[in-house]
J.: 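This is the structure I want to talk about, given as structure tokens.
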There are 2 protein chains.
Amino acid sequence: MGRRPTIIDVARVAGVSKTTVSRVVSSNAAPVRAETRQKVLQAIEQLGYERNTLAGGLRTDRTYTVALFIPDIANPFWPEVARGVQDALESEGYAVVLANSDWDADREHEFLAMSRRNRFDGLIINPASVTNEELVANGIPAVVLSLDTDYPDFDVVGSDSYGGTTLALEHLVGLGHQRLGLISGLSRGFQQPSRLTSYVDFLHQHGIPVEDELLVKCPYGQEYGRRSMEQLLSLSNPPTALFAANDILAIGALQAIREAGLRVPQDISLVGMDDIYAVSVTTPALTTVAKQKYELGCQAATFLLEHIRDAAPEHFRRHALPCRLIRRASSAPPS
Amino acid sequence: MGRRPTIIDVARVAGVSKTTVSRVVSSNAAPVRAETRQKVLQAIEQLGYERNTLAGGLRTDRTYTVALFIPDIANPFWPEVARGVQDALESEGYAVVLANSDWDADREHEFLAMSRRNRFDGLIINPASVTNEELVANGIPAVVLSLDTDYPDFDVVGSDSYGGTTLALEHLVGLGHQRLGLISGLSRGFQQPSRLTSYVDFLHQHGIPVEDELLVKCPYGQEYGRRSMEQLLSLSNPPTALFAANDILAIGALQAIREAGLRVPQDISLVGMDDIYAVSVTTPALTTVAKQKYELGCQAATFLLEHIRDAAPEHFRRHALPCRLIRRASSAPPS
DNA sequence: TACGTTAATGGGAACGTTCCCATTGTAACA
DNA sequence: TGTTACAATGGGAACGTTCCCATTAACGTA
């Protein structure tokens with residue numbers, strides 16, 4: 001089959017200049033007589049012309065492509081976020097390139113380089129190690145998915161984990177618990193994790209002493225959750241309720257509790273965070289602090305589109321999506 | 001900051017022609033004196049030059065971008081496949097565009113159009129409604145993720161669901177079950193689903209009569225699985241073991257069995273398919289037929305790269321990845 | 001010494017679009 | 001009727017790369 005028709009072929013068939021054809025296809029309110037436009041559209045139809053976005057992008061520096069950089073799409077938290085991003089961007093005509101950093105600094109930097117070489121219009125990133133300055137130097141509009149870290153020169157979007165943690169603890173205290181355990185995720189080299197500060201603040205406000213032994217930090221991962229829970233259960237006076245920094249940790253904790261011959265929620269109440277699918281099908285189904293994952297993606301995409309369209313605003317936004325407590329069967333009054 | 005340096009700026013600084021610079025950066029065995037190459041590399045370093053892939057792609061018709069079209073990244077089966085695809089392609093310098101069709105024909109066609117406009121080098125697709133002919137007409141190298149359907153003009157990669165089903169049924173019969181229920185997913189308007197034919201073949205081979213009442217078809221979805229199971233449990237002589245066409249259906253079935261006051265596996269054994277994360281954390285953890293999701297993605301990517309590089313081969317491959325039975329707690333001998 | 005051969009390099013065209021600027025036609029207005 | 005204004009259109013340059021072809025230098029060989 002012969003080569004693809006170009007704007008020039010269309011122009012020839014329609015009997016107009018390529019400029020006019022360009023005006024019709026990019027359609028941005030360019031002045032073209034209705035009759036002429038009709039001729040052009042007909043020629044396009046007849047030839048099966050399709051715009052070459054590469055050529056257009058070379059000229060305009062707009063590629064209608066956006067990158068989404070996350071740690072790992074196979075981690076059950078991210079697919080929904082990605083879905084939100086994609087739905088919001090595709091409806092505006094953008095293609096979404098997805099890449100997984102695996103928390104690796106080199107990969108992440110390579111992705112930034114790729115976004116420059118490919119002249120992506122923007123990017124949405126959950127940073128592993130990239131700093132605010134590096135992101136500025138990258139020179140591409142960006143939105144950061146993370147509230148825990150400092151990106152003063154970007155819009156940041158995230159879930160209000162601090163508030164979410166309060167929700168979980170209020171729920172447990174409301175049930176009558178006073179001895180609250182915390183399995184806190186390890187922050188990735190950034191500042192104090194929000195769940196931990198929220199936990200400490202909450203206990204202070206409620207006049208409950210903070211006991212270090214009830215507080216375990218570990219990397220995110222089911223096995224780490226299990227071991228952390230084992231550690232808590234081995235205490236002479238273990239907690240009667242536990243809040244885990246995410247659902248995967250909570251599932252690990254559930255395992256440990258089971259293996260210790262104890263029951264949830266009769267012996268110990270358990271609350272997770274994120275609301276991934278799996279915690280709705282455990283036995284008991286886990287009470288959890290739901291994050292608005294899909295909305296997170298949508299919101300980030302919306303902010304990004306504004307930046308792409310209106311150039312740099314002079315001040316940046318910090319958008320925290322509220323969490324919501326989902327009561328399931330893993331939390332109950334202490335016995 | 002001024003505009004980005006181009007190949008011409010590099011040439012000027014290095015004191016050579018742009019052609020020479022091009023030869024250095026595209027590096028494909030072009031004859032350049034070591035000394036000259038060094039000068040060019042130094043100029044590149046000094047200016048911070050980065051190749052504009054748009055411009056290069058316009059000339060060469062190679063974009064180093066590949067599309068992955070799947071039904072829904074938020075469906076727990078796909079993220080791992082996507083991971084496999086991305087890892088295999090990124091290491092070769094390709095960017096991966098991800099799009100969700102939601103089984104919608106219009107969206108899918110729009111994605112194909114996008115892949116043409118953007119001159120993607122190739123695509124990997126789990127087709128919702130696109131036919132072999134349409135995919136041929138698309139004119140872009142492609143690999144199809146699906147064995148159940150007919151794509152004679154493409155490499156197809158998929159899991160051997162037929163063999164996997166046999167694995168599940170052998171397991172159950174091996175445990176002593178004779179009354180085997182099947183919740184079969186509804187095929188999306190294509191041919192006979194492989195799990196159903198496998199089921200029928202298997203029963204014939206083992207001299208077990210096929211009873212229509214033990215066989216339910218429904219769309220994929222937890223709620224459908226639950227209702228299908230309710231239906232099976234309402235039989236005067238319900239099955240003692242059940243194979244569900246995927247894990248989500250199996251989880252729905254588990255729910256229904258629970259709600260009916262029965263126990264798994266004491267009253268009824270349950271086997272799912274796919275091995276998504278959630279079935280490892282249910283109680284009991286589900287026996288399931290694992291698909292090699294990550295490898296599926298890798299294999300598809302590998303095939304695609306071969307097509308991109310070697311143009312069209314004259315005959316196409318059909319690669320079925322074997323399934324593997326994962327024995328967990330949901331299957332046991334009948335009581 | 002003349003000549004072919006090859007390695008190394010450079011100049012310009014081409015990829016397909018959009019933008020700038022010029023030109024034409026037509027209507028509105030004094 | 002002449003002038004101005006604007007709508008509609010066209011021609012060519014530009015975006016940044018790669019490819020084709022030409023040129024030069026260096027070398028071996030008859």
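Both backbone and side-chain heavy atoms feed into the values below; hydrogens, waters and symmetry mates do not. So you know, we letter chains A, B, ... as the sequences are listed, proteins then strands, and number each from 1.
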J.: Got a second to check how far B:Met114's CE is from B:Phe120's CZ, nearest 0.5 Å?
T.: 4.5 Å

J.: Salt bridge or not between B:Arg317 and B:Glu306? Use side-chain N to carboxylate O under 4.0 Å.
T.: yes

J.: Considering every strand and a 4.0 Å limit on heavy-atom distances, what is the contact class for B:Thr36: base, sugar-phosphate, or nothing?
T.: sugar-phosphate

J.: Between protein and nucleic acid, restricted to nucleotides 11-17 of chain C and to nitrogen or oxygen atoms under 3.5 Å apart, what atom pairs and distances do you find?
T.:
{"unit_1": "C:dG11", "atom_1": "N7", "unit_2": "B:Thr19", "atom_2": "OG1", "d": "3.3"}
{"unit_1": "C:dG11", "atom_1": "O6", "unit_2": "B:Thr19", "atom_2": "OG1", "d": "3.0"}
{"unit_1": "C:dG12", "atom_1": "N7", "unit_2": "B:Lys18", "atom_2": "NZ", "d": "3.0"}
{"unit_1": "C:dG12", "atom_1": "O6", "unit_2": "B:Lys18", "atom_2": "NZ", "d": "2.9"}
{"unit_1": "C:dA14", "atom_1": "N3", "unit_2": "B:Arg59", "atom_2": "NH1", "d": "3.2"}
{"unit_1": "C:dG16", "atom_1": "N2", "unit_2": "A:Ala55", "atom_2": "O", "d": "3.4"}
{"unit_1": "C:dT17", "atom_1": "OP1", "unit_2": "A:Tyr49", "atom_2": "OH", "d": "2.5"}
{"unit_1": "C:dT17", "atom_1": "OP1", "unit_2": "A:Asn52", "atom_2": "N", "d": "3.4"}
{"unit_1": "C:dT17", "atom_1": "OP2", "unit_2": "A:Ile7", "atom_2": "N", "d": "2.5"}

J.: Ion pair present between A:Glu110 and A:Arg117, side-chain N to carboxylate O less than 4.0 angstrom?
T.: yes

J.: Mind grabbing the angle between the end helix axes of the helix from C:dT1-D:dA30 to C:dA30-D:dT1? Five pairs an end, 10° rounding.
T.: 50°

J.: Roughly, in whole Å, what's the span from CD in A:Gln38 to P in D:dA8?
T.: 15 Å

J.: Is it true that B:Asp102 and A:Arg83 have a side-chain N and a carboxylate O under 4.0 angstrom from each other?
T.: yes

J.: With a 4.0 Å cut-off, would you call A:Glu92 and A:Arg309 a salt bridge?
T.: yes

J.: Which heavy-atom pair separates B:Ser115 from B:Leu123 by the least distance, and what is that distance?
T.: OG-CD2, 3.5 Å

J.: Would you tell me if any nitrogen or oxygen in the side chain of B:Arg33 comes within less than 4.0 Å of OP1 or OP2 on C:dT9?
T.: yes

J.: Quick one: which of D:dG10, D:dT9, C:dT9 gets closest to the side chain of B:Pro31?
T.: C:dT9

J.: Between the main-chain N or O of A:Ser22 and the side-chain N or O of A:Ser26, is there a donor-acceptor pair closer than 3.5 Å?
T.: yes

J.: side-chain contact (heavy atoms from CB on, under 4.5 Å) with B:Arg51: which residues, sequence neighbours excluded?
T.: B:Tyr49, B:Thr53

